[in-house]
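Lettering of chains follows the sequences in order, A, B, ..., and the numbering in each one begins at 1.
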Amino acid sequence: MLLARLAQVSREVAATSARSRKTALLAELFREAEAADVPVVIPYLAGRLPQGRIGVGWKVLGRPVPPAAAPTLTVREVDARLTRLAAVSGPGSQAERTRLVGELMGAATEDEQRFLLGLLTGEVRQGALDAAAVEGLASATGAPAADVRRAVMLAGSLQAVAEALLAEGPDALGRFRLTVGRPVLPMLAHTASSVAEAVARLGSCAVEEKLDGIRVQVHRDGATVRCCTRTLEDITDRLPEVTAAARELPGERFVLDGEVISFGADGRPRSFQETAGRVGSRTDVATAARAVPVSPVFFDVLSVDGRDLLDLPLTERHAELARLVPGPMRVRRVLVAGPEDVRAAEDFLAETLARGHEGVVVKGTDAPYSAGRRGASWLKVKPVHTLDLVVLAAEWGHGRRTGKLSNLHLGARAADGSFVMLGKTFKGMTDALLTWQTARLGELAVEEHPWGVTVRPELVVEIGYDGVQRSTRYPAGVTLRFARVIRYREDKRPEDADTVETLFAAHPEAAP
DNA sequence: TTCCGACAGTGGGGTCGCAAT
DNA sequence: ATTGCGACCCCACTATCGGAA
């Protein structure tokens, strides 16, 4: 199959907003694909490279190359070239990758170049990625979409399911079961604004502490232990403590879901930055582990001794977890019967925060484990802090925000009346707000840049954030974590804005 | 008919490892 | 030695479609 055909379909998919039409276009293409093209066509249309990320970003892509006049590239040829490119390493590798990318782009037509650019940078922007590819695949093969989706979640891979399905038909789906040693996409949580809201929505529930670490899925099969992240990246080699802990447990074959986090000598959790830095260390794990030891803390079990527990209610899965994993290695939790019991849940949240954790996750007791889904039966609750800050500048948006001032530079008031930048945010804005702020900030602009405008510091905006973290980028030495716009405060003047001192008073642990 | 779940998009900041300078 | 880049960890929130209620 020619790459040009993929580029054409991607363009057509992007041009329609109807999901059913997107699915139909993808299904048509999957039907056309030869068997040998499938392992490439499927991930490409889901906006992914079979090789994963291959060390090509904006810098390596370099300057635009004149496009070819006629399409000649096949998808398999492109895949073979990218496999070679991914294997390049050592001194001079960046130049060699740049050369190979240039060669590839030179062989591509304008339409193909546009598609390849999106693929390589991870910005396909066709409004249809995994879910649409799953639907299209189901439609192309006559398999029920729900069965295909479930197989993909359990295989942790669209590609493997696609190959089996196109080669053998819908019967192949039965093969994709939960298997110890093969990572499963983890269940994710929605957000609730308060424990009361979460309990009201779920009724009978478990309230579990939410640790601010790295999600980890642990598979043990006899002496073999594998650990993977939320995106199914294998990090076994970086977590010797977790491997050892899993081997100590009284079970030979199981799959556990939890969080890996580092506790200080005082027993309190270290900051996310410290835990993430440790888990990110690959070159000298032993030294990193001595400085920042990590512990696994589990909250779910997906399989034990060959029994698949995914469809069991939380209560039953937790009973299995309690049999397998000792208390100190499980998250703390309380059971709440319903809204009449909300005080217990609120007290538990307060205790959890006092112990230095992030918040809680409220889970419906009857809910199964929905692999790969953001199930409505898991609701996280974290306290939200707010500050009134001043807009110092704004950056032009991209994609659907092109032409709108989007990303705001946020400043707190300093003692001398100047403003200290604390970070940026593009979150929390409706389209109407984007339009309004583009006009308003345009009036306040004092300087235009290629990236946006700097403005007179007059506009006050209420910002929500989850906490502060250390920063070398900003002058106060800290920045806001997950800052988002709540509302503009046109009733406030910049001299009413919050100060750096206010910030440090609210977060004394972050003060210099 | 209205409501709501799921998904894609729009990016934020930090840290590590590797290559370039 | 330092800097720049890419990958990947954490993540919030809005718009939209289409099935559920």
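- When rounded to the nearest whole Å, the span between CZ of A:Arg99 and P of B:dA20 equals 14 Å.
- Within 4.0 Å of A:Val56, counting heavy atoms only, lie sugar-phosphate atoms of the nucleic acid but no base atom.
- The side chain of A:Gln273 contributes an N or O atom lying less than 4.0 Å from OP1 or OP2 of B:dT15.
- Within the nucleic acid shown, A:Lys427 comes within 4.0 Å of at least one base atom, counting heavy atoms only.
- Within the nucleic acid shown, A:Leu188 has no heavy atom closer than 4.0 Å to any nucleic acid atom.
- Taking atom CD1 on A:Ile235 and atom P on B:dT15, their separation rounds to 18 Å, with Å as the unit.
- As judged by a 4.0 angstrom heavy-atom cut-off over every strand, A:Ala18 is placed among residues touching the sugar-phosphate backbone only.
- Proximity of the aromatic rings of A:Phe426 and A:His398 is defined here by a centroid distance below 6.0 angstrom, and this criterion is not met.
- The nearest heavy atom of DNA chain B to A:Arg401 and to A:Lys424 marks one nucleotide each, and the one closer to the 5' end goes with A:Arg401.
- Remark: the backbone N or O of A:Val331 is not paired with any side-chain donor or acceptor of A:Arg333 at under 3.5 angstrom.
- Summarising the geometry, the separation between CG on A:Leu82 and C1' on C:dG6 is reported as 16 Å, rounded to the nearest angstrom.
- The residue A:Arg19 sits close to a base: some heavy atom pair falls under 4.0 Å.
- We find that CG of A:Leu61 is positioned 13 Å from P of C:dC5, with the value rounded to whole Å.
- Under the Watson-Crick and G-U wobble criteria, each requiring two contacts below 3.5 Å, nucleotide B:dC7 is left unpaired.
- Each of A:Ser20 and A:Ile214 has a nearest nucleotide on DNA chain C; the 5'-most of these lies closest to A:Ile214.
- Here A:Lys404 lies out of heavy-atom contact (under 4.0 Å) with every strand.
- Using a 4.0 Å heavy-atom criterion, one finds that A:Gly464 contacts no nucleic acid atom at all.
- The residue A:Tyr465 sits apart from the nucleic acid: no heavy atom pair falls under 4.0 Å.
- Surrounding CZ of A:Arg21 are at most 12 heavy atoms belonging to other residues, nucleotides or ligands under 6.0 Å away.
- With hydrogens and angles disregarded, a donor-acceptor distance shorter than 3.5 Å links the side chain of A:Gln113 to the backbone of A:Met105.
- Geometrically, A:Arg332 does not engage A:Phe299 in a cation-pi contact, judged by NZ or CZ lying under 6.0 Å from the ring centre and within 45° of the ring axis.
- In this structure, the CG atom of A:Asp284 is 13 Å from the C1' atom of B:dG17, given to the nearest Å.
- Among the protein residues, A:Gln126 comes within range of the sugar-phosphate backbone only, with heavy atoms under 4.0 Å from sugar or phosphate atoms but none that close to a base.
- We find that CE of A:Met153 is positioned 10 Å from P of B:dA6, with the value rounded to whole Å.
- Atom CD of A:Glu135 is separated from atom C1' of C:dG19 by 11 Å (rounded to the nearest Å).
- Contacts of A:Ala276 with the nucleic acid, taken as non-hydrogen atoms under 4.0 Å apart, are absent.
- In this structure, A:Asp431 reaches the sugar-phosphate backbone alone: every heavy-atom distance under 4.0 Å involves primed, P, OP1 or OP2 atoms, never a base.
- Looking at A:Tyr488 and A:Glu462, their side chains never come closer than 4.5 Å, going by heavy atoms from C-beta outward.
- Using a 4.0 Å heavy-atom criterion, one finds that A:Gly52 contacts no nucleic acid atom at all.
- A:Thr425 comes within contact range of no nucleotide atom at all, as no heavy-atom separation falls under 4.0 Å.
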Can you list the steps and then say if A:Glu395 with A:Ser406 is a side-chain hydrogen bond (donor to acceptor under 3.5 Å, both in side chains)?
-> CA-CA 6 Å; A:Glu395 299 174 16; A:Ser406 171; over 6 Å; no
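- Contact annotation for A:Val60: backbone-only contact, meaning every heavy-atom pair under 4.0 Å involves sugar-phosphate atoms and none involves a base.
- Sequence order on DNA chain C of the closest nucleotides to A:Thr229 and A:Lys380 puts A:Thr229 first from the 5' end.
- Computed from coordinates, the A:His385 NE2 to C:dC11 P distance equals 16 Å when rounded to whole Å.
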